[in-house]
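The analysis underlying the following values was restricted to heavy atoms, covering all of them including side chains, and did not include hydrogens, waters or symmetry mates. Chain letters run A, B, ... following the sequence lines, proteins first and then strands; every chain starts at 1.
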Amino acid sequence: MDILEGLNDAQKTAVQTTTGPVLLLAGAGSGKTKTLTHRIAHLIASQHIWPNEILAVTFTNKAAREMRTRLSTLLGQPDTRSFMPWMGTFHGICVKLLRIHGHHLDIASNFVIYDEDDRQSLIKQAMKTLAIADKQIKPRAVSSAISNAKNELQSPSDMAANASYPFEKSVAKIYATYETLRRQAGALDFDDLLIETVRLLREHPEVRDQLRSQFRHILIDEYQDTNAAQYAIVKSLVNDEHNICVVGDDWQSIYSWRGADFRNILRFEQDFPGTVVIKLEQNYRSTGAILEAAHNVITKNVERTDKQLWTAAGTGAPVQIQAARDEAEEAFNIASRIATQVQMAARRYRDVAVLYRMNSQSAPLERAMMQLRVPYQIVGGVRFYDRREVKDIIAYLRLLYQPADRISFTRIVNVPTRGIGATSLERFLIWQANSGMDIIEALVNADQASSLTPRAKKALVALGELLRTLQLAVTRDTPPAELIEQLVASIGYEAYLRDGTPQAEDRIENLGALVSDARTFAALPDFLEEVALMSSVDSATDHDSVTLMTIHAAKGLEFPVVFMVGMEEGIFPHSRVYQAGPSELEEERRLCYVGMTRARQELHMSFAACRLQFGQREYNSPSRFLADMGYEAAAMPVFEQSHDDFYADMIPDFDIGDRVRSAQFGTGEIVDVDGLAVSVSFDSGTIKKLNIEFAHLEKL
DNA sequence: CGGTTGCACTTTTTT
DNA sequence: AGTGCAACCG
């Protein structure tokens, strides 16, 4: 077994430099996951490091899973927990630490995790108790302000102390109330997972020291996208041996809006003196043409390190730029091109990804794919776990697990409708808060609440009995899948979903999918954790289908063929950067770079003269990123509203019966035309279906 | 209390 | 354009 086999010199150095701080500056497609995996394997196999002495942080759960699989192959060991290092995302690792050590901070071991929706509901509740109208202050704005504060490790009182504008003062108040309610509910939000871990490590040196001596080797991927809290976690976990290896690429930093600071990677050398810096600059992924184009885009940025990626692969096909009349035509062009390539067996559907700036751009693409029967899957957007029916069931499960969780209770109290309206709910919650009982206990005893009507009492007690029965099942360790089935049956949920709408059957199908998902988990807390921390790419299937997703979601992935759509000013770069500063524009450009470098062999970029947004037609000019790539703005078509037949002269029109010549197949006659796909009966006797965009047919 | 209708708002990107 | 929420009526 030679762990160093197949690595280039820089990668070998990265694997073999096992002591002291290492900074791995890894360009796009330079084999960093491979290097990280081999480094871990080397530590275990040759350096006598135990797997549980290694902590490896990845950006997604999927990346962790992939690394685990590759590691077990490399080491020839089964993929079992006991033989695996601590691997996962920052959030996942923090959950595990807090389940074990949270009691030091008065965090219940059965805390639930609140997502963005839950957080906004709680903010609304907080605003209601403070009598702040949500007309003046949007819960969404409050949510992001709180999130920013948390990521900067600012408490409500810190925020209040720094507040000067009325808005900030109000937000600080809401923040304080939000925190109280959240603690009462036994819940942590995404940001809490990080900052409570920071607090744990700061306030409890005994816990910190134990972890420090356990984790003799720490590896962190995508270090350019760490935020202040994550940075603090890293700094306090590293022990005096400084065996820390971080990997990243400042050119690919695309999460500054959520508090990530790529300067963390730039200042690593100062943080850890004696750092060995290793640059991985050979790209194994893309063709020369794609790399050059991407390079031309990113080098327009001012704030960045200098590097030059190179490839031993050939130049390949040039980056293709295509104009369309509107978003529907753009989508149709892509779908038909994919269909043709697959028909010619040049590609499989799974080889192709279509990337866009924002989720709302997926709709026209979906329509075109459906029309042309191109199988596709959407990553992100409305996530599976965000669907109403799924969230309902999860809310029930969360309430069973954490009977203080008011947000979940509020969600399900009248689902299916059981005659408990807003008034009764409010009265019940006031009574429950004063009773000292948790929600389920209080429900069972609701007939003692004098403020409630007899009808409401009856309904609430019935709900309480039902939940108590299920809670008993939980204490008997009933597997989550069975629990869901029992729950769905006892509340008559399927009948409730069958409301006569066309989506009803889809919803019931999703319910089935939820149960089969749950089957892979033995215990309820594991299932709930997975559901809460599942990232959008984690849920992608491996079916043979085209992948549609945002560029953010595509980070870390690669595809033989990539389409980037909506290359227009106002879309990409997003219109928001016009009001923001140059650093936001630089992030857009990095995002463009990330998108382009996902492509291995073919990169297509397209823009539309106009597109429908908010039900309004908007006219955008081609993105400046296209000009950055060296495409002359003057050479690009200029569109006007009245001028809608330009498209005709971009596609040579072929008719049945036309004689054509192909460089590959000789001369022949066109027998069928279907969009961009043309069937030609060649004089040699063969009939071929060709895409006129790249078959280069010459009309005779 | 529950269902319906009409209005407002959306769209950056996500763990 | 589509969706979610608020105000109304039964």
Side-chain angles (χ1 to χ4, degrees), chain A residues 57-64 88-95 113-117 119-121 124 134-135 138-140 143-144 147 150-151 188-194 222 225-227 229-230 253-260 327 355-364 367 379-383 385-386 388 414-425 453 455-456 459 499 503 529-539 549-555 566 570-580 584 587-588 590-592 594-595 611-618:
Chain A
V57 184
T58 58
F59 199 69
T60 60
N61 295 308
K62 191 182 172 207
T89 61
F90 270 108
H91 290 85
I93 286 163
C94 289
V95 169
I113 302 166
Y114 276 0
D115 67 12
E116 184 57 32
D117 273 7
R119 175 195 256 166
Q120 280 186 36
S121 312
K124 280 181 201 160
D134 58 3
K135 290 273 184 278
K138 286 185 195 145
R140 264 191 60 197
S143 172
S144 85
S147 182
K150 287 191 171 184
N151 282 323
L188 299 184
D189 65 29
F190 283 140
D191 300 319
D192 293 327
L193 298 176
L194 302 176
E222 308 281 8
D225 280 323
T226 48
N227 65 23
Q230 292 165 333
S253 164
I254 55 175
Y255 281 99
S256 74
W257 50 272
R258 112 183 169 195
E327 77 285 350
L355 308 182
Y356 36 81
R357 178 64 179 82
M358 41 189 172
N359 283 308
S360 59
Q361 290 173 263
S362 72
R367 276 193 279 269
V379 171
V382 182
R383 281 155 60 229
Y385 286 108
D386 285 341
R388 195 181 309 128
N414 208 26
V415 174
T417 45
R418 37 174 81 91
I420 303 164
T423 322
S424 299
L425 173 63
T453 63
R455 230 173 87 184
D499 56 357
Q503 299 102 304
E529 182 192 320
E530 165 86 3
V531 168
L533 296 184
M534 171 102 103
S535 76
S536 49
V537 282
D538 294 336
S539 56
M549 61 187 155
T550 63
I551 302 169
H552 282 90
K555 174 177 170 157
I571 302 286
F572 195 20
H574 192 269
S575 57
R576 243 181 104 108
V577 307
Y578 302 142
Q579 291 112 301
E584 278 77 9
E587 178 142 319
E588 294 285 308
R590 290 195 294 271
L591 189 59
C592 187
V594 167
R611 72 175 60 233
L612 210 54
Q613 244 183 326
F614 308 108
Q616 289 221 314
R617 210 143 264 298
E618 308 225 316

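For B:dC1, neither phosphate oxygen OP1 nor OP2 lies less than 4.0 angstrom from any side-chain nitrogen or oxygen of A:T417. Residue A:R140 places at least one side-chain N or O closer than 4.0 Å to OP1 or OP2 of B:dT11. Within the structure, a side-chain polar atom (N or O) of A:N359 is placed less than 4.0 Å from OP1 or OP2 of B:dT13. OP1 and OP2 of B:dT10 both lie 4.0 Å or more from every side-chain N or O belonging to A:S360. Under 4.0 angstrom from either OP1 or OP2 of B:dT10 there lies at least one side-chain N or O belonging to A:K138. Residue A:S575 places no side-chain N or O under 4.0 Å from the OP1 or OP2 atom of B:dT11.
If you take atom C1' in B:dT13 and the same atom in C:dG4, they sit 22 Å apart, rounded to whole Å.
When distances are taken from the side chain of A:R388 to each of C:dG4, B:dG2, B:dC1, the shortest belongs to C:dG4. Distances from the side chain of A:A553 to the nucleotides B:dT13, B:dT14, B:dC1 place B:dT14 closest. With B:dT15, B:dC1, B:dT13 as the choices, the nucleotide that has an atom nearest any side-chain atom of A:R455 turns out to be B:dC1. Closest to the side chain of A:W257, out of B:dT13, B:dT15, C:dC5, is B:dT13.
If you take NZ of A:K62 and C1' of B:dT14, they are 16 Å apart, rounded to a whole angstrom. Residue A:E222 contributes atom CD, which lies 15 Å from atom P of B:dT14 at whole-angstrom precision. Computed from coordinates, the A:K555 NZ to B:dT15 P distance equals 11 Å when rounded to whole Å. Straight-line distance from the CD1 atom of A:I420 to the C1' atom of B:dC1: 11 Å, rounded to whole Å. As a whole-Å value, the separation of A:L533 CG from B:dT15 P is 10 Å. When rounded to the nearest whole Å, the span between CD of A:Q616 and P of B:dT11 equals 16 Å. In this structure, the CE atom of A:M549 is 13 Å from the P atom of B:dT15, given to the nearest Å. For A:Y255 and B:dT15, the OH to C1' distance is 8 Å, given to the nearest whole Å.
No more than 12 heavy-atom neighbours from other residues, nucleotides or ligands sit within 6.0 angstrom of CZ on A:R388.
Between A:F59 and A:Y255, the ring planes lie tilted relative to each other; the angle falls in the 30° to 60° range.
Residue A:Q613 is classed as a base contact, given a heavy-atom separation below 4.0 Å to a base. The residue A:N414 sits close only to the backbone: its heavy atoms come under 4.0 Å of sugar-phosphate atoms, none of a base. Here A:F59 lies out of heavy-atom contact (under 4.0 Å) with every strand. Looking at heavy-atom distances under 4.0 Å, A:T60 makes no contact with the nucleic acid at all.
Residue order along DNA chain B, read from the 5' end via each residue's closest nucleotide, puts A:A422 first among A:L194 and A:A422. Across the interface with DNA chain B, nearest-nucleotide mapping of A:M358 and A:L425 shows A:L425 to be the residue nearer the 5′ end.
Between A:G566 and A:I571 the shortest heavy-atom distance is O-CG2, 3.4 Å. The heavy-atom pair separating A:L355 from A:G595 by the smallest distance is CD1-O, 3.9 Å. Nearest heavy-atom pair, A:I254 versus A:H552, reported as atom, atom and distance to 0.1 Å: O-NE2, 3.1 Å.
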Going through the distances and angles, do A:V57 and A:Q230 end up as a side chain to side chain contact (heavy atoms under 4.5 Å, CB included)? CA-CA 11 Å; A:V57 184; A:Q230 292 165 333; over 6 Å; no

